[in-house]
Amino acid sequence: MNRIAAAIIGGYLFASCGGALLSALNGPGSDAMLGGALLGLALYAPAIIWAFATRSARRAWAGLLGASFSLAVLTAVAGAAGAAA
C-alpha cells in the first residue's frame with residue numbers, strides 16, 4: 001500500500017515539479033504552460049514505474065521526494081532569474 005501511495009503521490013509531485021521547471025525556463029505564455037503540462041505527463045509514467053522497480057517503498061519515497069525537491073529548487077532559481085531579467 002505504501003508503494004502505491006509513493007507511486008501516485010510521489011509520481012504526481014515529481015511530474016508537476018518537472019512541468020513547473022519547464023514552464024519557468026520558457027517564460028510566460030500559454031506555450032510554456034502547455035509544454036510544462038506535456039512534460040509532466042511524460043514524467044509521470046516513468047516515475048510510477050520507478051516506484052515499483054525499487055527494492056523498498058522507502059527508496060521509492062526517498063528517490064521521488066529527493067528528485068522533486070531538486071526540481072523545485074531549480075524552478076525557484078529559474079523563476080528568480082527570469083523575474084530579475
Side-chain angles (χ1 to χ4, degrees):
M1 187 68 177
N2 196 6
R3 194 179 294 256
I4 294 171
I8 293 172
I9 298 168
Y12 182 80
L13 180 65
F14 174 70
S16 63
C17 287
L21 176 61
L22 184 66
S23 294
L25 290 175
N26 284 335
S30 60
D31 289 340
M33 291 175 53
L34 180 62
L38 290 175
L39 179 67
L41 289 173
L43 290 177
Y44 193 48
I48 291 173
I49 292 169
W50 187 82
F52 286 103
T54 59
R55 294 183 191 189
S56 67
R58 179 176 284 171
R59 282 189 179 192
W61 276 111
L64 289 171
L65 292 178
S68 298
F69 178 75
S70 299
L71 289 174
V73 169
L74 289 173
T75 302
V77 169

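Numbers here are sequence positions counted from 1.
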Practice task
If a pair satisfies side-chain hydrogen bond (donor to acceptor under 3.5 Å, both in side chains) and one of its residues is in residues 2-14, list it, with sequence neighbours excluded.
Solution key: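 Qualifying pairs, neighbours excluded: Asn2-Trp61, Arg3-Thr54.
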
Report task. Please list all pairs passing the side-chain hydrogen bond (donor to acceptor under 3.5 Å, both in side chains) test where one or both residues lie in residues 66-76, with sequence neighbours left out. Result ->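 For residues 66-76, and leaving out neighbouring residues, there are no side-chain hydrogen bond (donor to acceptor under 3.5 Å, both in side chains) pairs at all.
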
If every non-hydrogen atom of Ala6 is compared with every non-hydrogen atom of Ala51, which pair is closest and at what distance?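 Taking Ala6 first and Ala51 second, the nearest heavy atoms are C-CB, 4.5 Å.
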
Review point. What is the minimum heavy-atom distance between Gly40 and Ala15, and which atoms define it?
Key: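 Shortest heavy-atom separation between Gly40 and Ala15 comes out as O-CB, 3.2 Å.
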
For Ile4, the side chain to side chain contact (heavy atoms under 4.5 Å, CB included) test, sequence neighbours excluded, returns Ile8, Phe52

Co-members of Leu71 in a cluster of I, L, V, M, F, W and Y side chains, linked at under 4.5 Å
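Answer for Leu71: Phe14, Leu21, Leu22, Leu25, Leu39, Leu43, Trp50, Leu64, Leu74.
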
